[in-house]
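Here the structure comes first, spelled out in structure tokens, and everything after it is commentary.
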2 protein chains.
Amino acid sequence: MKKSTKVHIIEESLSLFSQRGFDAVSVKEIADAVGIKAPSIYKHFKSKQDIFNAILEESNSRYALQTASLSLDGLNPQMDAGLFETITDDHMVEMGESLFNHFLHDEFTSKIRKLLTIEQFKNQELANLYVIQYMESPLQYQRMIFELLIKKGLMRSGDPEIMAMQFFSPIFMLLVLCDANPHKETEALEKLKRHITQFNKLYRN
Amino acid sequence: MKKSTKVHIIEESLSLFSQRGFDAVSVKEIADAVGIKAPSIYKHFKSKQDIFNAILEESNSRYALQTASLSLDGLNPQMDAGLFETITDDHMVEMGESLFNHFLHDEFTSKIRKLLTIEQFKNQELANLYVIQYMESPLQYQRMIFELLIKKGLMRSGDPEIMAMQFFSPIFMLLVLCDANPHKETEALEKLKRHITQFNKLYRN
DNA sequence: GTCTATAGACGGATAGAC
DNA sequence: GTCTATCCGTCTATAGAC
């Protein structure tokens, strides 16, 4: 089953919009990328803005799926935190690296993040999507994990909100760095490891 | 001495570009903001792109001035770190807050950051400017301060590069957050204080 | 659902009067 | 150094044939 032209248009539009922004990309360019003529686009979408809206809808539905799978019965951090009952540094590093790699290399996530980075100041809805998906939601997740680890006596007691921020914000900054300059990924990953190892020394029992 | 039309054009262009991006802003809009007709713009700049370049030049020269004043004889972190010889939490919080407030409220810095945030993916030069001015340069400065504080025995010895990242990345993330949603500034400042207080407990002697 | 042709608006930029 | 008038290209979008 080959993918529909409509899906194809969404994919190519996302690629183009995420690199140069909505305004800099013309309907003709999208059509060229898809391999059709510009007016044919309008058989699938009523306007260029409509394509953008479809991208956002796709993003929202993927985000909803993802958070649903993360918190099956309320919290899955319990599952994740369970992994750490017996173990130390390496698994914390793994948690950070997998978060980093997902955000950086998942094609859709990565392109949507760039798109929202570029378009965030155009309206508050876009800004909120960016903030929720790439800051508040990971912070909240990380915080729940630390709350559990503290309860189990595996981490020193402290302010879990601040701990989550101190754990996650370097990941966030290195992501922004790698989005701007992909050549720095190796360097970023190495710093990420050192950060988490150090974080562990500071906070784990 | 009233400011020249040329400077006025640069200022209004920066304001518009930083909100909606280069491509979404027309020369007519810039002219309207300045209070002249669109063709008059071309007596001061040979193209719209030329206005953008002038903004970047202004940014670079301000950045050069700023870093020159920071490291008068090589390092001013010595001066800054000098402030911390006798004192503790409050002054660290002050250092973080002043960094945060400068970045967030200095009108030019704030607009340039938004502009580079929006335009960074269009070419590598813009991406590098963003990375250097808002990540690498503050990290380097902070690292020098921590190296000095460690040498003086005021902080526990450790990896100053990672310490700088752990100190600064929450500031960076909260800046990105406030750029996207200015209503969260109070909340951000409060978290910043808790972060620095906590950071101090972890790292200071 | 694709195409060609084209409408209609708007973009950046220039010419030339004052 | 500002204006009016205007050129010309490109843009989004529609009409209508196949």
Contacts of type ring pair (Phe, Tyr, Trp, His ring centres under 6.0 Å), residue B/Phe100, not counting sequence neighbours:
none

Taking B/Ser137 for the side chain and B/Gln133 for the main chain, is one N or O donor matched with an acceptor at less than 3.5 Å?
no

Would you check if the side chain of B/Ser59 reaches a backbone N or O of B/Ile55 as a donor-acceptor pair within less than 3.5 Å?
no

Rounded to whole Å, please give me the gap between CG in B/Asp32 and P in D/dT2.
14 Å

Sequence neighbours excluded, the answer for ring pair (Phe, Tyr, Trp, His ring centres under 6.0 Å) partners of B/Phe45 is none

Would you mind reading off the bend of the helix from C/dG1-D/dC18 to C/dC18-D/dG1 from its two end axes, five pairs each, to 10 degrees?
0°

It should be established whether A/Ser40 places a side-chain nitrogen or oxygen under 4.0 Å from OP1 or OP2 of nucleotide C/dG1.
no

Strictly under 6.0 Å, is that where the ring centroids of A/Phe199 and A/Phe146 end up?
yes

Donor-acceptor pair, A/Gln166 side chain versus B/His195 backbone, under 3.5 Å?
yes

Take the protein atom CD1 of A/Ile41 and the nucleotide atom P of C/dG1, then report the distance between them rounded to whole Å.
13 Å

Whole-Å gap separating P (C/dA13) and CD1 (B/Ile51):
9 Å

Dump the pairs, protein N or O against N or O of nucleotides 12-18 of chain D, anything under 3.5 Å, distances to one decimal.
unit_1 : atom_1 : unit_2  : atom_2 : d
D/dT12 : OP1    : A/Lys48 : NZ     : 3.0
D/dT12 : OP2    : A/Val27 : N      : 2.9
D/dA13 : OP2    : A/Tyr42 : OH     : 3.0
D/dA13 : OP2    : A/Lys48 : N      : 2.8

Result block: side-chain N/O donor-acceptor pairs under 3.5 angstrom for residues 168-175 of chain A, not counting sequence neighbours:
unit_1   : atom_1 : unit_2   : atom_2 : d
A/Ser169 : OG     : A/Met165 : O      : 2.8
A/Ser169 : OG     : B/Ser169 : OG     : 3.0

Set of ring pair (Phe, Tyr, Trp, His ring centres under 6.0 Å) partners for B/Phe103, sequence neighbours left out:
B/Tyr134

Measure NE2/A/His8 against P/C/dT2 and give the value in whole Å, please.
11 Å

